[in-house]
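To start, the structure under review is shown below, and the notes come after it.
Chain A is the first sequence line, chain B the second, and so forth, proteins listed ahead of strands; every chain is numbered from 1.
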Amino acid sequence: NAGVTQTPKFRVLKTGQSMTLLCAQDMNHEYMYWYRQDPGMGLRLIHYSVGEGTTAKGEVPDGYNVSRLKKQNFLLGLESAAPSQTSVYFCASSYSTGYEQFFGPGTRLTVL
Amino acid sequence: DAKTTQPTSMDCAEGRAANLPCNHSTISGNEYVYWYRQIHSQGPQYIIHGLKNNETNEMASLIITEDRKSSTLILPHATLRDTAVYYCIVRESGYSTLTFGKGTMLLVSP
């Protein structure tokens with residue numbers, strides 16, 4: 001099993017550009033999450049999903065959109081990137097409420 | 001979720017036990033204590049969790065005080081690979097999300 005994978009690993013954007021980060025899991029997990037981590041900080045939840053076709057806002061949702069069209073994939077979109085969105089983005093998945101979350105390796109995004 | 005307080009950093013000699021404290025004085029009866037760690041540049045990794053009884057698995061032990069206001073994560077024989085940021089998180093039963101603080105940076109030295 002690959003676990004949780006993230007694409008791409010690195011990306012540099014210019015202000016105003018758009019992009020989509022892909023998260024995939026092969027553990028048949030219902031729940032998926034997107035976090036961001038800024039230098040010296042803990043992770044902050046952006047959006048999450050409790051099942052295929054559902055999404056919900058986390059702590060810092062502004063400037064991001066998400067979609068969960070397939071159970072195994074969770075996409076994070078930036079419609080108009082801003083320098084404040086420079087961060088490391090982590091995706092995670094879990095079987096259900098209360099179960100451990102498995103994290104991907106992260107995507108390092110720089111917005112110039 | 002209840003707030004947690006952890007020391008910013010700790011040191012431990014290789015081979016010795018690492019005892020990482022966490023204060024969660026406002027924890028409520030249906031909130032669990034979770035521990036995750038994050039090795040540099042990697043995604044966080046689950047370690048252990050508990051409600052009120054002490055717990056042990058292949059990675060660590062979790063000791064929760066009787067009043068549940070604090071807990072200690074114990075790595076019995078720390079290795080250099082245990083150098084990481086350790087996060088203590090309190091989460092209410094039935095909630096799916098985690099709230100990460102800044103954690104404790106554990107440095108294991110030879």
Do Met59(B) and Met10(B) belong to the same hydrophobic cluster, where Ile, Leu, Val, Met, Phe, Trp and Tyr are linked whenever their side-chain heavy atoms lie under 4.5 Å apart, directly or via other members?
yes
Does the gap between the ring centers of Tyr46(B) and Phe103(A) come in under 6.0 Å?
no
Can you get from Met32(A) to Leu78(A) by hopping between Ile, Leu, Val, Met, Phe, Trp and Tyr side chains that sit under 4.5 Å apart?
yes
Heavy-atom side-chain proximity of Phe90(A) to Gln42(B) below 4.5 angstrom:
no
Checking heavy atoms, do the side chain of Tyr35(A), its backbone, both or neither come under 4.5 Å from chain B?
side chain
Write out, in numerical order, the residues from residues 53-69 of chain A with a heavy atom short of 4.5 Å from a heavy atom in chain B.
none
Can you tell me how far CG of Leu98(B) sits from CZ of Arg44(A), rounded to the nearest 0.5 angstrom?
16.0 Å
Enter the distance from Thr97(A):OG1 to Arg91(B):CZ here, rounded to the nearest 0.5 Å.
7.0 Å
Within residues 13-23 of chain A, the residues sitting under 4.5 Å from chain B by heavy atom, in sequence order, are none
Give, as side chain, backbone, both or neither, the part of Arg108(A) having an atom under 4.5 angstrom from any heavy atom of chain B.
side chain
Please test Gln38(B) against Leu43(A) for side-chain contact (heavy atoms from CB on, under 4.5 Å), starting from the C-alpha separation and ending with a verdict.
CA-CA 10 Å; Gln38(B) 186 175 23; Leu43(A) 282 72; 3.9 Å; yes
Where does Leu45(A) contact chain B at under 4.5 Å (heavy atoms): side chain, backbone, both or neither?
side chain
Proximity breakdown for Gln37(A) and chain B, heavy-atom pairs closer than 4.5 Å:
side chain
Is there a side-chain contact between Tyr36(B) and Glu100(A) in this structure, where contact means two heavy atoms from C-beta onward sitting under 4.5 Å apart?
yes
Chain B: which of Gly40(A), Ser94(A), Gly42(A) shares the most heavy-atom pairs with it under 4.5 Å?
Gly42(A)
Cluster overlap Val4(A) with Phe10(A), hydrophobic side-chain contacts below 4.5 Å:
no
